[in-house]
Amino acid sequence: MSDIVNGVFERFLESKIFVNRELLRPEYIPDELPHREEQISRLASALAPILRGERGSNVFIYGLTGTGKTVVTKFVVKKLHSKAMDLKLRFGYSYVNCRQSDTPYRVFADLAESIGVKVPFTGLSTAEVFRRFIRGLKENYTSFLVVLDEVDYIVKKYGDDVLYRIVRIGEMLPSIKVSIIGITNDVNLIETLDSRIRSSLGEVEIVFPPYNAEQLKDILKKRAEKAFNAGVLSEGVIELCAALAAREHGDARRALDLLRIAGEIAEREGSSKVTTEHVYRAREEIERDRVKELVYTMPLHAKLVLLSIYATSSKGYTTTGEVYGEYVKLCKAVKVEQVTRRRVSDIINELDALGIIESKVVSRGRYGKTKVVKPLIKSEIVLQTLKNDIRIGKIVESIRI
DNA sequence: CGTCCACAGGAATGACGGGCGG
DNA sequence: CCGCCCGTCATTCCTGTGGACG
């Protein structure tokens, strides 16, 4: 009965463009992952011992964003889990994204949550959260798999302590077989690790090379077949998405986003076809949304620094010294206290990490060593968003680039 | 060929609000 | 309610450095 109702709703809601747009979302795990056969089989064989009640190999996975690391891992782990359930094994796994949970505390909190152990956001010591996780593990599992995605975020800030403790669980509790999958887009990461961790963690290493335009096209085609109604994609749409994403180091997520947003734009304006024009507009929209979200949630001083960067880069770039000078002026203008040069230098690095600006240290010999900062985003988008902050809206108006 | 600029960026420390266990 | 620990933002003090200038 409810199927009939849902069917009606869905048919009503679905447009002429999409059959199922969910298939184009980055978190969707398809049944088929073209051009990743080798990685899948290597990962599967590293983990296969788990099914015999032995410990799986620890795996290190490298690859740039959008090369399928996460989706392949989730795909394999999901299969592994259901197989283990068929075999009635007491096997569990946990997936932690270390960019979202970027402190040891939050990593352990996530691990604990994933096995049903409730822990507060804050208030406990990290060691206590870890203990609770271990206790939960002991009670419910004989084998466990920890997936740490974007693990470089933890390692760079806090060293290999987290990894070390997880690796050690197995030694402390021989009754539980614990294995780790570490996923990173930083190829050099493993060299920064302690040699003990390195050898135990890198038992198996799998590299995910970027997709080329041809492979991206395959991926998009497979998904598009089911996601779109027949014939709505104009000639060249898939090729364009593939080409644009290939330019960005073969990022499949980007390619899928472009295709989906292009479809949504076409739908919004009631067009019956998705054209290459829609793809170009999708590219702009993605960029704009990302920046808006980022800038909107930034702390006041980060906004002021960002504004200073734009105000001083009429030549296309600027330097730390110039930025700081401008920043001090702006602070006076809006009557807030300035932070130190040191802090501004960190804020510039943070903006760099967010991809809003690009910076690199250069030496100008006699004239010192500084950081050259280049804004990457169109100034209108950034200024527009900054203007929405009532504290600084007024001075944004007064700045001409 | 040494100096010295204009910073980079590490280390230690602190203030602060949130949130726990007891 | 207290004492403790957390993450975040910030300060202070500091050592390090590539290369044009003299």
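Each chain gets a letter, A, B and so on, in the order the sequences are listed, and its residues count up from 1.
In this structure, the NZ atom of A:Lys369 is 9 Å from the P atom of B:dA8, given to the nearest Å. In this structure, A:Phe130 atom CZ and C:dC5 atom P are separated by 19 Å, rounded to whole Å. What separates CZ of A:Arg106 from C1' of B:dG18 is a distance of 13 Å, to the nearest Å. Between the CZ atom of A:Arg131 and the C1' atom of B:dG21 there is a distance of 13 Å, given to the nearest Å. If you measure from atom CZ of A:Phe108 to atom P of C:dC5, you get 18 Å, rounded to the nearest angstrom.
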Tabulated below should be each protein N or O lying under 3.5 Å from an N or O of nucleotides 20-22 of chain C; please produce it.
residue	atom	partner	partner atom	Å
C:dA20	O4'	A:Arg366	N	3.2

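The list of side-chain hydrogen bond (donor to acceptor under 3.5 Å, both in side chains) pairs with a residue in residues 382-391 of chain A, not counting sequence neighbours, reads A:Lys303-A:Asp389, A:Asp389-A:Arg391. Residue pairs meeting the side-chain hydrogen bond (donor to acceptor under 3.5 Å, both in side chains) criterion with at least one partner in residues 284-299 of chain A, sequence neighbours excluded, are A:Arg268-A:Glu285. Listed by first then second residue, pairs satisfying ring pair (Phe, Tyr, Trp, His ring centres under 6.0 Å) with a partner in residues 69-96 of chain A read A:His81-A:Phe91, A:His81-A:Tyr93, not counting sequence neighbours.
Taking the side-chain hydrogen bond (donor to acceptor under 3.5 Å, both in side chains) definition, one finds that A:Glu27 meets it with nothing, sequence neighbours left out. Partners of A:Asp251 according to the side-chain contact (heavy atoms from CB on, under 4.5 Å) rule, which considers only residues two or more places apart in sequence or in another chain, are A:Thr65, A:His249, A:Arg253, A:Arg254. In this structure, A:Arg364 has no side-chain hydrogen bond (donor to acceptor under 3.5 Å, both in side chains) partners at least two apart in sequence or on a different chain.
A:Lys371 comes within contact range of the sugar-phosphate backbone alone, with a heavy-atom separation under 4.0 Å but no base atom that close.
Axis orientation changes by 20° from one end of the helix from B:dC1-C:dG22 to B:dG22-C:dC1 to the other, with each end axis drawn from 5 pairs and the value rounded to 10°.
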Could you pull out every donor-acceptor pair under 3.5 Å between side chains of residues 218-225 of chain A and any protein atom, sequence neighbours left out?
residue	atom	partner	partner atom	Å
A:Asp218	OD2	A:His35	NE2	2.7
A:Arg223	NH1	A:Leu23	O	2.9

Side chains of residues 317-331 of chain A: which donor-acceptor pairs under 3.5 Å do they make with residues two or more places apart or in other chains?
residue	atom	partner	partner atom	Å
A:Thr318	OG1	A:Thr312	OG1	2.9
A:Thr319	OG1	A:Glu322	OE1	3.4
A:Glu322	OE1	A:Lys315	NZ	3.4
A:Glu322	OE2	A:Lys315	NZ	3.2
A:Tyr324	OH	A:Val339	O	3.0
A:Tyr327	OH	A:His301	ND1	2.7
A:Tyr327	OH	A:Val339	N	2.9

Solution key, residues 269-279 of chain A side-chain donor-acceptor pairs under 3.5 Å, sequence neighbours excluded:
residue	atom	partner	partner atom	Å
A:Glu269	OE1	A:Arg281	NH2	3.1
A:Glu269	OE2	A:His278	NE2	2.8
A:Ser271	OG	A:Lys273	N	3.1
A:Ser271	OG	A:Lys273	O	2.7
A:Thr275	OG1	A:Glu277	N	3.4
A:Thr275	OG1	A:His278	N	3.3
A:Thr275	OG1	A:His278	ND1	3.2
A:His278	ND1	A:Thr275	N	3.0

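A:Phe130 has its ring centre less than 6.0 Å from the ring centre of A:Phe108.
Tested against A:Lys74 for a side-chain contact (heavy atoms from CB on, under 4.5 Å), the candidates A:Val71, A:Thr70, A:Val77 yield a single pass: A:Thr70.
Of the side-chain N and O atoms in A:Thr370, none sit less than 4.0 angstrom from OP1 or OP2 of B:dC5.
In the region residues 327-353 of chain A, proximity to DNA chain B at under 4.0 angstrom, judged on heavy atoms, holds for A:Arg342, A:Ser345, A:Asn349.
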